[in-house]
Amino acid sequence: MVQALEAKGPALWDICIIGGGATGLGVAVDAASRGFSTLLLERYDFAKGTSSRATKLVHGGVRYLQQGNIKLVTEALYERGILRKNAPHLVKDMSFIVPNYKWWEGPFYGIGLKVYDWMAGSLGLGKSRLLSREETLELAPTLDGEGLRGGVLYHDGQFDDARLAIHLAMTAASQGAVLLNYCRVDSLVKEEGKAAGVVATDEISGKTHTINARVVINATGVFTDSILRMDDVNSEPIIAPSQGVHIMLDKDFLPGDAAILVPHTDDGRVLFAVPWHDKIIIGTTDTPVDSVDIEPRALPEEVNFILKQIGRYLRRVPQPSDIRSVYAGLRPLVKSSSKRTAELSRDHLILVSDSGLITITGGKWTTYRRVAEDTVNMAIEKAGLPKRECITADLPIHGSPQARVGAGASGSATAPGAAPASDAAWNQPLHYYGTDAAAVLAIVNAHPLLGEKIHHRLPYLRAEIVWAAREELAMTVDDALSRRTRSLLLDAQAAIDAAPLVAALLAEELGRDTAWQDRQVEEFNEIAKGYLVQKT
Ligand SMILES: Cc1cc2nc3c(=O)[nH]c(=O)nc-3n(C[C@H](O)[C@H](O)[C@H](O)COP(=O)(O)OP(=O)(O)OC[C@H]3O[C@@H](n4cnc5c(N)ncnc54)[C@H](O)[C@@H]3O)c2cc1C
């Protein structure tokens, strides 16, 4: 997947995408698989922004159902089914329990979740049902039993956001796209007032490139307004960023395979506690913020809010010292006149500027494919590209068993409803690599020392770092520990302790010296501080 812009590029690209998060990567897969010459430029690393900081749910959104946003829920449930079909190694069926402490909650949430089942139709992951008090405690033994009447069980999907991002990048590359991380767009090329390309700096080599393209797509999430200002210095901001925080606890706070949905928090939202990579993710918050940062930091009050809300439901109340890691992400919500970000639109918005610049923002990870389809359709229309149909609904994603036989072709994915992987399979450490797992294991076979873990509290092998550097464009210790593995999110202190070893492994692969390793460790430690709860 390693790319060199000068060697790879045509003089005029069909589509140039700014931003390598869920949205930009989805557009790259769509555009390249329709046969358009496609370039994607990401300032930092793929999914370094919001796209690695999600709750990790592939879902219709029970909360949006509560708000009556039927269109969004229906679309997202459909996309959930498509994604599970095309990336069966990444989307896990998960049982969620809504615990009931009041008499009306069982029938109320039971009926609501039947509607949710019905809306998913044939792409449903399983039927919801009412649980007795005993059944609820059997599935979630650490729930506070006092006053518990029962529960409602429903099904949704779960995934690993940053791994999906890298597998989308690899899918796009296999379809002919060129994708560069650490390549920052500094300005737009204008010809007679039209956006005709970008000027970008390769942050690794320091070289600046002028890139010509028939259409430029701004997919920069919470940074959308900065690109709009490159196009027109007077452009009004359209993004109202909202911060969401999650905390990570050890699995014994919620043993078993089921997740918990707290249906009504003090701020009128929902809260999830979800098993993930043998830990529990709990979140999230919704805090309007004025400025955007690539490494947003959780506020102490956000952490306290989460601890307080979940503490009401668990027998053992988690304390700040129990938190292994805390991470924050910024939602790129589209502005409306409403003051409360919880009510702003999660729907996507496609904006076409007078210059022809196409801006795509909003949406969710779950709906990235649909958002991409709409965006490329718009690009075809506005830039006069040849009309070609979208094929991504049937395009297996890198790592899927179907991708091996189906690369470059459509229509070869498994049928909806194909047997999901067993829980035992999901517990295999390399499961999320899909078909790449064999190649990672081959590295171990060649060098048995690389079969050792990077840290005794982390599930990752040294070979995964080597693989990340060789095949997944990992350039920094942060790439390797935050997104190719999820070490920083799972256990921030363990990730800090593992950083020197990871720097040495990367240096060996990338041909770097010890001074580079020292700088990398220092830069990573600075980032990681924000994930240690005592520093928030
Ligand atoms: C707390 C939280 C929880 C969420 N949970 C879920 C969930 O469980 N399920 C779900 O479906 N969705 C969820 N979402 C929503 C989902 O994560 C986002 O909708 C999605 O990640 C947005 O992706 P994006 O590509 O638009 O933005 P980003 O991921 O932020 O990508 C934009 C990219 O543009 C790059 N960029 C910026 N400026 C430049 C430049 N000048 N040159 C080049 N590149 C540039 C940035 O570096 C960044 O990587 C959640 C969001 C939040 C905040």
Side-chain angles (χ1 to χ4, degrees), residues 16-28 39-61 63-64 72 76 79-80 83 91 156-162 164-165 168 179-188 198-203 216-230 239 241-246 259 270 272 274 276 281 283-287 289 292-296 298 302 327-334 341 346-349 359-372 375 483:
C16 172
I17 303 156
I18 315 173
T23 309
L25 291 166
V27 173
L39 174 68
L40 180 146
L41 304 172
E42 163 54 48
R43 177 175 185 167
Y44 302 98
D45 182 32
F46 305 116
K48 165 87 176 168
T50 305
S51 296
S52 56
R53 300 155 190 274
T55 313
K56 328 296 181 201
L57 303 180
V58 183
H59 62 157
R63 188 153 75 87
Y64 311 127
L72 179 58
E79 289 301 327
R80 181 186 72 177
L83 185 56
V91 180
D156 236 327
Q158 191 208 38
F159 75 129
D160 184 320
D161 47 10
L164 176 57
L168 285 176
L179 302 99
L180 299 175
N181 53 357
Y182 295 98
C183 194
R184 184 188 70 226
V185 169
D186 300 314
S187 60
L188 300 183
V198 301
V199 177
T201 304
D202 178 334
E203 303 258 24
V216 178
I217 296 181
N218 171 14
T220 53
V222 287
F223 302 96
T224 293
D225 291 328
S226 67
I227 306 294
L228 285 174
R229 276 195 300 276
M230 289 179 192
I239 297 296
S242 152
Q243 176 156 297
V245 163
H246 295 87
V270 300
F272 291 99
V274 190
W276 191 66
I281 299 179
T284 177
T285 55
D286 204 336
T287 311
V289 291
V292 291
D293 194 298
I294 193 66
E295 276 294 342
E302 291 181 297
Y327 65 94
L330 299 176
R331 297 178 188 85
L333 301 183
V334 178
T341 54
R346 259 80 178 165
D347 270 320
H348 61 282
L349 172 84
T359 294
I360 167 65
T361 193
K364 311 198 299 170
W365 242 122
T366 308
T367 52
Y368 84 92
R369 193 205 64 83
R370 178 60 199 272
V371 170
T375 308
R483 289 169 298 280

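Both counts, for ligands and for their atoms, begin at 1 and track the order of listing.
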Could you identify the single nearest non-hydrogen protein atom to [atom] and state the distance to 0.1 Å?
| atom | value |
| --- | --- |
| atom 13 (C) of ligand 1 | A54 CB, 4.0 Å |
| atom 44 (N) of ligand 1 | R43 N, 3.0 Å |
| atom 21 (O) of ligand 1 | S51 OG, 2.8 Å |
| atom 12 (N) of ligand 1 | W365 N, 3.2 Å |
| atom 9 (N) of ligand 1 | L57 O, 2.7 Å |
| atom 31 (O) of ligand 1 | G21 CA, 3.5 Å |
| atom 18 (C) of ligand 1 | T50 CG2, 4.0 Å |
| atom 35 (C) of ligand 1 | E42 OE1, 3.3 Å |

Does T201 form a side chain to side chain donor-acceptor pair (under 3.5 Å) with D186? I'd like the steps, not just the answer. CA-CA 7 Å; T201 304; D186 300 314; 2.5 Å; yes
Within ligand 1, which atoms have a heavy atom of [X] less than 4.0 Å away?
| X | result |
| --- | --- |
| G329 | 53 (C) |
| L330 | 53 (C) |
| G363 | 19 (O) |
| R331 | 1 (C), 52 (C), 53 (C) |
| G19 | 33 (C), 34 (O), 35 (C), 44 (N) |
| I227 | 41 (N) |
| Y44 | 47 (O) |

Please determine if R483 and D45 form a salt bridge, counting it only when a charged side-chain N lies under 4.0 Å from a carboxylate O.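 Here R483 pairs with D45 in a salt bridge, since their nearest N and O are under 4.0 Å apart.
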Min N/O separation [X] to ligand 1 under 3.5 Å:
| X | answer |
| --- | --- |
| S226 | no |
| T284 | no |
| G244 | no |

At a non-hydrogen distance cut-off of under 4.0 Å, which region of [X] contacts ligand 1 (side chain, backbone, both, or neither)?
| X | answer |
| --- | --- |
| F223 | side chain |
| R53 | backbone |
| L41 | backbone |
| A219 | backbone |
| H246 | side chain |

Please work out which of the three classes, parallel, tilted or perpendicular, describes the rings of H246 and Y327, given edges at 30° and 60°. parallel
I'd like to know if A47 contacts ligand 1, where contact means a heavy-atom distance under 4.0 Å to any ligand atom. no
Are I360 and ligand 1 in contact, using a heavy-atom cut-off of under 4.0 Å? no
Can you tell which of T220, T55, L25 gets a heavy atom nearest to atom 32 (C) of ligand 1? T220
